Amino acid sequence: MTANSIEEFRLELREWLEANCPQEMRDGGIVEDAICWGGKDWVFSSDAQKVWLERCAAKGYTVPTWPVEYGGAGMSRDQEKVFHEEMGRIDARSPLQSFGIWMLGPALLHFGSHEQKLHYLPPIARGEVRWCQGYSEPGAGSDLANVQTKGEDKGDHWLVNGQKIWTSYADKADWIFALVRTDRDAPKHKGISFLLCDMEQAGVETRPIKMISGISPFCETFFTDAVIPKDQIVGEENRGWDVAKYLLTHEREMISGGGAGLSGGGRALGAVISDTIEEMDATLRADAMRCEIDALSIGLTLERYKDQAEAGQGAGDASAMLKYMGTELNKQRHELMMSAGGSDALEWDGPLGNRAGDWLRTKANSIEGGTSEVMLSIVSRRVLGLPA
Amino acid sequence: MTANSIEEFRLELREWLEANCPQEMRDGGIVEDAICWGGKDWVFSSDAQKVWLERCAAKGYTVPTWPVEYGGAGMSRDQEKVFHEEMGRIDARSPLQSFGIWMLGPALLHFGSHEQKLHYLPPIARGEVRWCQGYSEPGAGSDLANVQTKGEDKGDHWLVNGQKIWTSYADKADWIFALVRTDRDAPKHKGISFLLCDMEQAGVETRPIKMISGISPFCETFFTDAVIPKDQIVGEENRGWDVAKYLLTHEREMISGGGAGLSGGGRALGAVISDTIEEMDATLRADAMRCEIDALSIGLTLERYKDQAEAGQGAGDASAMLKYMGTELNKQRHELMMSAGGSDALEWDGPLGNRAGDWLRTKANSIEGGTSEVMLSIVSRRVLGLPA
Amino acid sequence: MSKLVMSEEETMLADMARGFLDGAAPVSKLREMRDNGVTHDAALWKEMADMGWAGVLVPEDAGGSDMGFAAANVIAREMGKTLAVSPFISTAVIAATALRQVSDARAKEALGRIAAGDATYALAVDEGVKFDPDATQMEAKADGNGFRLSGKKQFVVDGALADRLLVLARTAEGLTLFDIPADRAGIERTASNMIDARDTARIEFSDVEATGDDVLGTVDQAMTVLKPALEAGQAALAAELAGLSAGAFEMTVEYLKERKQFGVEIGRFQALQHRAAHLWCETEVTASAILNAGRMLDEDPENAGMAVSLAKAKATATAKLAVIEGVQMHGGIGMTDAYDMGFYMKRARVGAEWLGDYSYHAERVAAARGF
Amino acid sequence: MSKLVMSEEETMLADMARGFLDGAAPVSKLREMRDNGVTHDAALWKEMADMGWAGVLVPEDAGGSDMGFAAANVIAREMGKTLAVSPFISTAVIAATALRQVSDARAKEALGRIAAGDATYALAVDEGVKFDPDATQMEAKADGNGFRLSGKKQFVVDGALADRLLVLARTAEGLTLFDIPADRAGIERTASNMIDARDTARIEFSDVEATGDDVLGTVDQAMTVLKPALEAGQAALAAELAGLSAGAFEMTVEYLKERKQFGVEIGRFQALQHRAAHLWCETEVTASAILNAGRMLDEDPENAGMAVSLAKAKATATAKLAVIEGVQMHGGIGMTDAYDMGFYMKRARVGAEWLGDYSYHAERVAAARGF
């Protein structure tokens with residue numbers, strides 16, 4: 001795309017946003033309540049939220065890079081960058097967030113059949129169906145391939161029994177994509193299938209898990225003779241690990257991006273600190289500078305890897321690195337924010353809002369989606385070639 | 001010992017020191033050149049150094065806690081503490097330093113026969129015989145028990161062949177105590193003997209190793225059909241590992257003590273930094289404070305362990321912990337001193353003397369006498385009881 | 001200076017305390033209190049008083065057990081291990097030490113009530129987000145023979161439960177410490193919803209009357225009384241944090257031994273072994289700093305400042321490492337509310353801030369060391 | 001702003017540089033020079049000039065290859081890998097950038113001599129132990145139409161070999177940069193015995209005459225010329241440090257794969273694996289900061305300051321980690337002079353200080369980020 005046409009694109013988009021983004025949706029929207037997750041049971045927090053979603057969905061702006069036929073706007077990466085810049089210019093809220101957009105969508109786009117894409121993607125793009133992820137199982141921890149939930153082949157369907165854990169927002173989701181062991185005799189990684197399951201059926205139950213941060217974003221999900229028709233599989237039977245690996249990489253990049261504090265609304269650490277601290281002491285200042293230097297370097301690395309990928313220069317196992325560095329950084333950043341907040345930060349919903357909850361939440365960053373230890377082992381093995 | 005008699009002891013000692021310590025020997029003596037190592041070929045740097053050694057040796061003050069019959073002064077620990085305090089009061093140099101005092105002496109006192117003690121200890125106490133240590137071998141690294149130097153049993157003597165490395169000051173030593181494999185068929189730790197070897201004989205040669213700090217405190221030592229009479233063994237045949245382990249523990253404590261900067265002459269880090277830096281920036285100040293806090297805490301731990309040992313409360317595998325913490329701290333301390341020294345510290349023998357050489361030297365602290373990694377593994381296994 | 005070891009009495013005290021707290025105040029007790037919205041258990045505090053803990057720093061002639069600061073640290077450390085909830089530091093350590101500095105009948109009587117478990121105290125110093133007594137702005141205006149106090153305090157630990165408050169306020173020529181009943185007219189206490197579920201309050205003073213009798217020590221010279229009290233509190237808090245580190249560390253090592261991943265105990269993974277070993281080393285050197293602080297307070301209180309700040313700084317850093325490693329090594333389960341590790345992490349954070357954070361005490365160590 | 005990737009030309013340049021340096025300037029060459037007390041190889045520098053490196057920042061019409069700052073960083077990075085000895089940063093980067101700011105015939109001629117490898121330069125700024133141009137005390141007293149320079153400079157890298165010196169001195173209303181021959185009367189150069197065995201001098205100026213023609217740029221306004229030159233030098237030095245980290249890291253990983261202890265390769269020990277992996281991660285994010293600094297200098301030089309300081313700070317920290325881990329993981333052999341790792345450690349230390357240390361640049365990043 002030429003520079004000219006990209007500038008045209010920008011102007012058109014700007015005009016559309018000015019005309020269509022409701023004023024109430026122009027507040028940056030970084031608090032939890034501002035998020036629109038969608039789904040069958042979604043209750044819009046305001047008319048503006050509803051209108052904003054509908055208008056965006058109609059243009060494909062909820063999933064700007066997805067093909068138009070699947071509900072997207074078919075944007076190139078350059079266009080997408082402009083899209084985010086223009087959204088940021090007016091502090092527009094994201095019209096829709098969901099695991100369907102982040103996780104299942106990319107998996108289907110990569111592994112799904114044309115029919116599956118047509119069937120599942122548009123409802124995601126319109127915010128009509130909310131998805132959750134069923135990977136981990138109790139006791140499996142970092143050993144994700146240790147899937148015990150089993151799917152018995154019953155001809156036209158699998159009969160699924162087992163238990164998943166850390167299924168984010170499963171209590172609010174309509175569908176779940178899950179790893180299920182469909183061949184118990186095959187080697188660990190070779191007998192897993194990636195299945196799509198309607199949660200509104202007998203035999204699927206969820207229970208929220210309360211976390212140390214006081215909230216319950218995660219659930220346990222139980223399958224008892226749940227029925228999953230044979231066409232609800234992504235990729236080939238018993239090759240679900242390929243899909244899972246693909247998505248894990250994707251998830252790591254997502255977590256690391258958030259971790260580096262580079263997503264919308266991330267203020268410079270120094271600015272956040274000076275909200276509560278007039279003059280930093282040597283320790284806080286030194287730590288904040290180190291953290292800022294790392295944040296900027298990691299942010300540039302995210303940019304570099306994306307640019308490299310686009311230029312066809314493979315970034316290798318970059319996702320493990322970014323996931324590790326980004327999440328460890330985020331933990332440090334929140335430690336410093338707690339330190340800066342002093343006693344004001346020690347209350348639930350105190351003068352600094354949910355700062356303590358956010359801090360506690362970050363401690364999971366280096367666990368979920370592959371622990372820091374697993375990431376380092378991946379780098380050691382795959383990048384450095386050290387013996388396992 | 002009662003408080004009264006210890007005060008009497010102090011006053012007598014103070015009087016003796018005033019009368020006998022030459023004025024030139026009252027300069028703290030922390031530079032390398034001030035050290036008196038003794039040995040057959042020792043050249044005293046001054047008459048005062050010679051007189052000071054002789055007077056101290058006559059009183060047993062070179063090895064204050066050794067029994068009088070072996071050349072010491074038979075001091076209790078309380079007395080020794082007073083001795084060091086009084087020496088420090090007038091900034092008196094240590095009259096004699098040697099591996100004989102630090103290493104072989106303790107080993108002989110613990111494992112040697114009465115005859116051996118009578119034969120070997122007094123010359124060490126008088127500074128007449130200088131010893132070096134032959135433990136490590138090329139390629140063995142942390143695996144100290146991997147001794148390849150072999151001693152063939154020839155009836156009244158062993159015929160020794162092999163090579164040692166990191167033999168500190170071997171080129172200046174008269175005798176060496178060495179680990180030698182005397183049973184090739186026994187398990188690794190069970191076929192080693194702890195032998196004493198006169199270096200002034202055919203078949204023993206040394207070659208200095210130049211280090212990155214520019215000096216050559218270490219040597220390689222080669223044994224080619226060297227003869228060691230059967231009575232020159234400490235402890236039992238093939239039980240040399242017991243002696244070695246005992247000494248390793250001892251060595252670790254020694255290194256950690258030096259590392260914590262608590263031996264005589266250690267100035268507070270802040271004071272050293274302000275020699276060259278008028279006002280510390282946040283990073284330097286924060287790092288210096290952390291380092292100082294750690295130094296003080298480790299110093300107190302040394303004190304606590306000694307007090308516990310005296311009170312009969314076992315400190316367990318404390319030596320590995322102290323060695324690890326002390327040497328890592330010392331490395332950090334020297335990094336900060338280099339940073340404070342700026343470009344003045346980047347020259348060999350520049351305005352800050354040998355600061356760079358000292359800094360480079362510290363990098364070996366966490367390698368010699370058992371690496372930091374080995375220390376952590378020891379703590380993990382022996383203290384925490386984690387599976388190997 | 002005595003030896004840097006625990007005396008036989010202190011070892012016995014620790015054993016006894018451990019036995020009592022494991023039964024009467026384990027982490028599950030804190031959880032239960034939190035779930036029920038309760039921040040104080042008066043019966044438990046009474047039991048502690050009966051064991052002599054409330055009077056640990058109260059002279060015997062005032063009814064105390066007068067065991068000294070090292071002993072107070074021993075108790076605080078054991079309380080830290082199980083995250084026991086009590087007004088021990090506020091009342092038995094800080095208030096008792098402050099009252100001890102004053103030798104009058106009123107103070108003696110107050111000490112007696114503390115020892116008996118009949119009076120609880122809280123210290124109201126902080127006005128901003130950080131501990132900084134010298135920056136106190138709250139005013140105590142002279143008014144006839146007395147004063148009128150107006151201003152706001154925050155992070156008053158045990159401030160909602162306490163019968164009495166020690167309040168630091170600015171008077172004509174300096175700072176003055178007041179000892180007043182918490183229910184006096186014009187005092188409005190708002191319980192803070194703390195992450196560690198412990199009793200803490202924000203307190204507003206609106207023209208609160210105080211007489212000359214309410215002054216603890218001398219007008220304009222609060223520090224004579226407050227400095228030893230703060231140092232005693234900081235040392236005990238450091239000990240509590242050290243106990244907390246030990247408690248979190250024990251849980252973690254146990255978990256490393258039993259939890260299996262990829263077919264083996266995760267305690268076999270060398271990277272975790274080394275990190276756990278490093279953590280243990282840090283807990284060991286921290287323990288030395290705590291012992292030393294207790295010794296200095298008992299034997300050379302005038303010069304104990306650096307030892308106390310060293311202990312608080314080091315204990316804060318070690319506790320932070322212990323809970324971060326604790327959660328990380330536990331993985332997902334460590335993040336759940338159902339597991340105890342989160343309680344340790346939250347308490348460590350609150351303890352890190354109370355009575356001066358790492359930076360505050362590091363700067364004091366540096367100043368004492370000449371930089 | 002262009003993409004954050006190496007262009008094809010830059011990749012080719014890197015490959016070519018690597019090939020040349022592996023042959024012509026490996027670490028063994030530095031060792032040989034050190035052992036012979038030699039700090040400069042004029043023939044090697046001439047070869048580099050012939051490849052266009054000396055003129056990398058010299059305009060084509062002045063005889064240079066004018067490849068830009070990103071390309072200069074590419075060369076510096078490769079030089080760092082093998083610790084190649086040359087006056088590249090002093091002459092081809094710093095001096096050339098300074099001269100480029102001035103558009104007169106004299107500057108053009110000087111640039112031509114640099115590109116041809118016929119002139120070498122050194123930058124004399126430091127007067128104390130730390131880089132701090134603003135604190136310059138050295139005086140250039142007005143004297144008729146000219147100046148007289150008196151004072152001392154230290155840590156003048158390439159200062160003993162250089163034909164010409166760029167000297168920062170204080171004039172009536174500010175700072176002025178002089179470009180004078182190194183052999184002018186009154187200049188006394190003393191070679192410093194540097195730990196990295198590179199050419200460096202202390203220089204004393206005693207009443208050294210300088211004319212108006214010797215002023216580079218405008219009197220009292222040194223920074224117009226010096227700021228871009230310093231930033232270019234800092235970026236190239238950051239790149240050199242990144243190359244050094246990569247070189248040390250490669251040696252270390254190779255060693256982990258081949259060295260056996262307790263019967264297995266030490267690279268199988270998970271604790272070392274994780275540390276090596278962490279180090280690699282640091283080298284990766286450092287590489288991004290270097291690329292960005294080059295891009296900013298090429299495309300938005302007015303605003304490149306933060307990007308440059310970010311690169312220098314991060315590269316300094318990573319190089320320190322790389323050589324400390326390098327020595328530690330090598331064990332005893334890494335401490336011997338016969339092994340190359342020590343050279344990396346010493347060069348990393350010198351590079352850490354030159355043109356501003358970690359703190360200096362961290363403070364600049366913080367200032368740019370508003371704190």
Side-chain angles (χ1 to χ4, degrees), chain B residues 136 138-143 145-146 165-166 188 209-216 218 275-278 280-287 328 331-332 335 338-352 355-357 359-361 363-364 366-368 371-374 376-377 380, chain D residues 126-132 154-157 191-198 200 202 259-263 266 269 271-272 275 313 320 323-324 326-346 349-354 357-363 366:
Chain B
S136 298
S142 291
D143 192 5
N146 185 10
I165 196 167
W166 314 126
K188 196 157 88 169
I209 303 169
K210 188 174 170 195
M211 303 303 284
I212 60 174
S213 51
I215 53 171
S216 306
F218 299 107
D275 286 348
T276 44
I277 297 281
E278 260 179 55
M280 291 186 219
D281 57 68
T283 304
L284 184 57
R285 182 168 180 82
D287 289 346
E328 293 297 335
K331 292 200 300 183
Q332 274 175 39
E335 285 289 342
M338 285 301 284
S339 187
S343 54
D344 272 2
L346 301 176
E347 290 173 61
W348 297 118
D349 299 316
L352 299 173
R355 187 172 290 193
W359 161 67
L360 288 162
R361 176 66 185 81
K363 298 304 178 196
S366 51
I367 298 169
E368 62 202 345
T371 64
S372 284
E373 290 77 17
V374 168
L376 288 172
S377 289
S380 165
Chain D
D126 290 13
E127 298 176 5
V129 301
K130 288 284 171 183
F131 175 76
D132 190 0
Q154 69 180 69
F155 199 20
V156 183
V157 174
S192 303
N193 186 10
M194 299 296 281
I195 56 172
D196 68 345
R198 296 279 298 262
T200 304
R202 291 176 182 266
R259 166 73 168 157
K260 287 191 177 185
Q261 284 268 268
F262 304 104
I266 59 174
F269 292 118
L272 297 187
R275 279 160 53 188
K320 178 176 168 182
V323 296
I324 286 178
V327 166
Q328 180 67 22
M329 291 193 191
H330 275 84
I333 196 170
M335 287 295 300
T336 62
D337 185 73
Y339 207 79
D340 286 344
M341 190 55 78
F343 285 84
Y344 283 89
M345 180 169 266
K346 292 167 196 168
R349 194 76 208 55
V350 175
E353 290 295 333
W354 194 27
D357 67 2
Y358 178 89
S359 297
Y360 177 87
H361 290 287
E363 290 285 353

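These numbers come from a predicted model, not from an experiment.
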Fill in the blank from the handout: Rounded to the nearest 0.5 Å, the NZ atom of D:Lys320 sits from the CD atom of B:Glu335 at a distance of 4.5 Å
Practice task
Against chain D, label B:Ser372 side chain, backbone, both or neither, depending on which of its atoms sit under 4.5 Å from a heavy atom there.
Solution key: both
Practice task
Could you tell me the separation between the OG atom of B:Ser377 and the CZ atom of D:Phe269, rounded to the nearest 0.5 Å?
Solution key: 8.0 Å
Handout entry: Contacts of type ring pair (Phe, Tyr, Trp, His ring centres under 6.0 Å), residue D:Tyr344, not counting sequence neighbours
Key = none
Problem - Proximal component of B:Ala282, with respect to chain D [non-hydrogen, under 4.5 Å] - result: both
Exercise for the section: Go through the structure and list residues passing ring pair (Phe, Tyr, Trp, His ring centres under 6.0 Å) with D:His361, not counting sequence neighbours. Expected result: none
Completion exercise
Per-residue tally against chain D (heavy atom, under 4.5 Å) across B:Thr371, B:Leu376, B:Leu346, B:Ile367 peaks at B:Leu346
Practice task
For each of D:Ala362, D:Gly128, D:Gly334, D:Ser192, tally heavy-atom pairs with chain B at distances under 4.5 Å, and name the one with the top tally.
Solution key: D:Ser192
Exercise for the section: List the atom of D:Ile333, the atom of B:Trp166, and the distance in Å for their closest heavy-atom pair. Expected result: N-CZ2, 3.7 Å
Practice task
May I ask you to name which of D:Asp126, D:Ile324, D:Asp357, D:Asp196 has the most heavy-atom pairs under 4.5 Å with chain B?
Solution key: D:Ile324
Practice task
Please confirm whether the backbone N or O of B:Ile212 pairs with a side-chain atom of D:Lys346, one donor and one acceptor, at under 3.5 Å?
Solution key: yes
Problem - chain D contacts, top residue of B:Gly350, B:Ala364, B:Ser339, B:Gly341 (heavy-atom pairs, under 4.5 Å) - result: B:Ser339
Problem - Worked check of side-chain contact (heavy atoms from CB on, under 4.5 Å) between B:Lys210 and D:Thr336 - result: CA-CA 6 Å; B:Lys210 188 174 170 195; D:Thr336 62; over 6 Å; no
Problem - Per-residue contact mode, D:Arg275 against chain B (heavy atom under 4.5 angstrom) - result: side chain
Problem - For chain D, the option from B:Thr276, B:Ile165, B:Leu284, B:Asp281 that forms the most heavy-atom pairs under 4.5 Å - result: B:Asp281
Handout entry: Inter-residue atom distance B:Glu373.CD - D:Gln261.CD, 0.5 Å rounding
Key = 10.5 Å
Problem - side-chain hydrogen bond (donor to acceptor under 3.5 Å, both in side chains), paired with B:Ser343, selected from D:Gln154, D:Arg202, D:Lys130, D:Glu353 - result: D:Gln154
Handout entry: Residue B:Asp344 versus chain D: region with a heavy atom under 4.5 Å
Key = both
Handout entry: Structural part of D:Tyr358 lying under 4.5 Å from a heavy atom of chain B
Key = side chain
Problem - Where B:Trp348 and D:Met194 come nearest, the two heavy atoms and their spacing - result: NE1-O, 3.6 Å
Handout entry: Non-hydrogen atoms of B:Lys188 and D:Phe262 that approach each other most closely
Key = NZ-CD2, 4.4 Å
Exercise for the section: Just give me the residue among D:Arg349, D:Met341, D:Glu363 that pairs up with chain B most often, heavy atom to heavy atom, under 4.5 Å. Expected result: D:Arg349
Handout entry: Pairs of heavy atoms under 4.5 Å with chain D: top-ranked of B:Gly139, B:Ala356, B:Gly357, B:Ser136
Key = B:Gly139
Exercise for the section: Mind ranking B:Thr283, B:Ile277, B:Asp143 by heavy-atom pairs under 4.5 Å with chain D and telling me who comes out on top? Expected result: B:Asp143
